Amino acid sequence: MVRNTDGLKRSARSRSKDAMQRATAAILLMQSEEAEINFRSVATRAKVSTAWLYGTKSLRDKLMKIRTTSPAGAGENLQQRQRLSHERVVATLRLRIRTLEEINRELKEQLEAIYGRLAVVQTKLGSCTERQNDALITCDRCSEAFRGT
């Protein structure tokens with residue numbers, strides 16, 4: 001049985017031609033926009049697969065040439081990405097510093113409050129304490145005062 005595949009072949013050639021036109025148009029548009037040109041970005045813009053781009057020798061060669069002939073753009077893009085990365089690190093560290101300063105301030109306030117309570121207790125204990133065999137002995141009144149503070 002012989003099958004008529006002419007229509008199928010014609011359709012495949014048409015789709016391939018359309019994809020080639022979309023990919024070429026995407027490359028030209030991206031060059032005019034000075035956008036980063038790589039296989040993935042062209043594939044996304046042209047709505048074709050990266051495998052198809054790699055498989056189409058003329059487009060693959062064109063993309064490889066574009067990538068090697070425009071190192072200045074790639075260098076600027078790299079510098080911009082590095083600058084953004086540094087800015088993010090700095091912002092993260094500044095946030096961390098603010099958080100730690102807030103925690104430090106709260107701990108200082110708590111320490112001041114505890115020192116205040118300690119001063120009150122020491123004045124209440126006053127002369128009621130005495131040392132006996134390296135043990136601190138307090139009277140009942142002072143023990144209650146200590147617990148109440």
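Worth saying up front: this structure is predicted, and the values here are computed from it rather than measured.
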- Excluding sequence neighbours, so at least two apart, what forms side chain to side chain contact (heavy atoms under 4.5 Å, CB included) with M64? F39, R60, R67
- Query: Salt bridge check: are R98 and E102 linked by an N-O gap of less than 4.0 Å?
  - Reply: no
- Message: Under a plain distance cut-off of 3.5 Å, with no hydrogens placed, do R10 and S14 share a side-chain donor-acceptor pair?
- Response: no
- Task: Could you tell me which non-hydrogen atom of D6 sits nearest to which non-hydrogen atom of N4, and how far apart they are?
- Result: N-OD1, 3.2 Å
- CD1 of I37 to CZ of R45: how many Å apart, nearest 0.5 Å? 9.0 Å
- Message: Among residues at least two apart in sequence or on other chains, which ones pass side chain to side chain contact (heavy atoms under 4.5 Å, CB included) with L111?
- Response: Y115
- Do side-chain atoms of S32 reach the backbone of L29 as a donor and acceptor pair under 3.5 angstrom? yes
- Message: Counting only heavy atoms from other residues, nucleotides and ligands, does the tally under 6.0 Å from CZ of R40 exceed 12?
- Response: no
- Item | Shortest non-hydrogen separation from A46 to R22 and the atoms involved | O-NE, 2.9 Å
- What's the shortest heavy-atom distance between A19 and W52, and which atoms? C-CH2, 3.6 Å
- Query: Nearest 0.5 Å, what's the NZ-NZ distance between K57 and K62?
  - Reply: 14.5 Å
- salt bridge (charged side-chain N to carboxylate O under 4.0 Å, His left out) between E109 and R105: does it pass, once the steps are laid out? CA-CA 6 Å; E109 289 173 359; R105 185 184 58 73; 2.6 Å; yes
- Query: Are any side-chain N or O atoms of T56 and backbone N or O atoms of L53, one a donor and one an acceptor, separated by less than 3.5 Å?
  - Reply: no
- If you look at every heavy atom in E36 and M30, which pair is closest and at what distance? O-CE, 3.1 Å
- Student check: side-chain heavy atoms of R15 and S11 closer than 4.5 Å: yes
- Query: How far apart are the closest heavy atoms of H86 and Q82, and which atoms are they?
  - Reply: CD2-O, 2.7 Å
- Is there a donor-acceptor pair closer than 3.5 Å between any side-chain N or O of T99 and the backbone N or O of L95? yes
- Flag, side chain of T123 to backbone of A119, donor-acceptor distance under 3.5 Å: yes
- Message: R96: which residues meet the side chain to side chain contact (heavy atoms under 4.5 Å, CB included) condition with it, sequence neighbours left out?
- Response: L100
- Message: Check whether T24 reaches the backbone of M20 with its side chain - one donor and one acceptor, N or O, closer than 3.5 Å.
- Response: yes
